[in-house]
Amino acid sequence: MEIKRDLYLNRLVRREKNGMIKVVTGIRRCGKSYLLFNLFHNYLLEKGIKDDHIIEIALDDRSNKELRDPDNILEYVKKQIVDRDTYYIILDEVQLLDEFEDVLNSFLHIRNADVYVTGSNSKFLSSDVITEFRGRGDEIRLHPLSFQEYCSAYTGSVDEAWDDYFTYGGLPLILSCVTPEEKAEYLVSLFQKVYISDIIDRHKVRNQEELDDLVNILASSVGSLTNPLKLANTFKTVKKKTISDKTLKKYMDYLMDAFLVNKAVRYDIKGRKYIGSPTKFYFEDVGLRNARLNFRQMEENHIMENIIYNELRVRGYQVDVGVIDQFGKNNEQKTTRKQLEVDFIATKGSEKYYLQSAFAMHSPEKQAQEERPLMAIGDSFKKIIIVRDNIKVRRNELGIMTIGIRNFLLDENSLSL
């Protein structure tokens, strides 16, 4: 079974021989090793690179234990370089290499070497790339499978694929699990034994119960506005626990650094400024979110919103939550202010889109409710409503486009239709 990940492969290809260390980051088990050791390796062979000019080292392999020593790996790699042609150095799980920063900087001094690495997110974060390589590290952020990628390896119908993806998410190994029980067990175990354990080990978290409770609260309220102070109050009233907002902010930062959750900040559309707290949080993989709650809170509207957010980020957009103030007069002719929300503002360079995740619009009243914030914006950028129904594309007299979620996800050009 081969999963097509052309989006990321093309990003690697565009960075080929750019004089920087290509660092593939992302949540664990999202396919970083497969991208480099299979897809990129095959690409190099197809373009005529000799196999002995591709130096691949899986540092988590016990047989490569000696190469975790910085001097040993430098000597080993340099012995492989015997001519002036380009050599591709690919290191997997580079955080297992002692003094890896010095080793990678040494590789930069080899003129005919092109370096690619992956690292466990618990030890090798995008923020670490910036700190350690000071502009010489080029990050490629890898996400779990998009719905389009998922369908490329799925054997059933699109509707069946959607049901599975919606429930179990896009971690690649899910496609190898046969039964629902296997899929659920895999995700539950992965969350606790890999992701949470990594965070605890990296940050020396002493109270795991607090961290677990926070994850559960975020999973239960995905896409809802919150902040550390609000969460501290939730702990006090619901959990009957006192935990400071500073501690909760620290835990939330840990979860974001581990790529488990992501943050969408509110943006004042007419005032053209970020508002800041409170913000919205979304899970990097909806299957992990669902597993965390033992598949009990399966609100399709919230999960669909999370999937749309993830898809926009996969396509390379900066994603914010839109806020727009609407002023009017009450019966006493006093000025009133109503705050309307646009689910997502997707921005990439000069591109900008406003999107609403509507789930369903079965009545004129519901349609008007979803259109109201978009109509209040007043600029010429495209405005889109995404619904669960299987709608290709339709536009109303105001130019607002409506599209079904499957068609939106399966067509990489759906935003520009």
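The analysis underlying the following values was restricted to heavy atoms, covering all of them including side chains, and did not include hydrogens, waters or symmetry mates.
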request  = If the plane angle is over 60° it's perpendicular, under 30° parallel, otherwise tilted; pick one for Phe40 and Tyr88.
outcome  = perpendicular
query = Is a salt bridge present between Lys4 and Glu149, judged by a nitrogen-to-oxygen distance below 4.0 Å?
reply = no
ask   = What is the ring orientation for Phe147 with Trp162, classed by angle as parallel under 30°, tilted 30 to 60°, or perpendicular over 60°?
value = perpendicular
task = Over 60° means perpendicular and under 30° means parallel, so classify the ring planes of Tyr309 and Tyr282, tilted if in between.
result = parallel
Could you tabulate the donor-acceptor pairs under 3.5 Å formed by side-chain atoms of residues 248-255, not counting sequence neighbours?
from: Lys249; atom 1: NZ; to: Asp253; atom 2: OD2; distance (Å): 3.0
from: Tyr251; atom 1: OH; to: Glu210; atom 2: OE1; distance (Å): 3.0

request  = Cation-pi check, Arg289 to Phe281: give yes when NZ or CZ is under 6.0 Å from the six-membered ring centre and within 45° of the ring axis, no otherwise.
outcome  = no
query = Is there a donor-acceptor pair under 3.5 Å between the side chain of Asp198 and the backbone N or O of Arg28?
reply = no
request  = Would you list the pairs meeting salt bridge (charged side-chain N to carboxylate O under 4.0 Å, His left out) in which at least one residue belongs to residues 345-363, sequence neighbours left out?
outcome  = none
query = Do Glu341 and Lys280 meet the salt-bridge criterion of a basic N to acidic O distance under 4.0 Å?
reply = yes
inquiry  = Does atom NZ (Lys338) have a neighbourhood of more than 12 heavy atoms from anything else shown, all under 6.0 Å?
reply    = no
remark   = Contacts of Phe37 meeting ring-ring contact (aromatic ring centres under 6.0 Å, His included) (sequence neighbours excluded), chain-then-number -> none
Within residues 180-191 or reaching into it, pairs that qualify as salt bridge (charged side-chain N to carboxylate O under 4.0 Å, His left out) - sequence neighbours excluded = Asp164-Lys183
task = Using a 4.5 Å cut-off on heavy atoms from C-beta on, say whether the side chain of Val321 contacts that of Ile345.
result = no
inquiry  = Can you pull out every side chain to side chain donor-acceptor pair (under 3.5 Å) where at least one residue sits in residues 372-387? Sequence neighbours excluded, please.
reply    = Tyr354-Asp379, Asp379-Lys383
ask   = Between Thr118, Asp114, Asp138, which is the residue that forms a side chain to side chain donor-acceptor pair (under 3.5 Å) with Lys22?
value = Asp114
request  = Can you run down the salt bridge (charged side-chain N to carboxylate O under 4.0 Å, His left out) pairs that involve residues 392-412, sequence neighbours left out, and say none if there aren't any?
outcome  = Asp159-Arg406
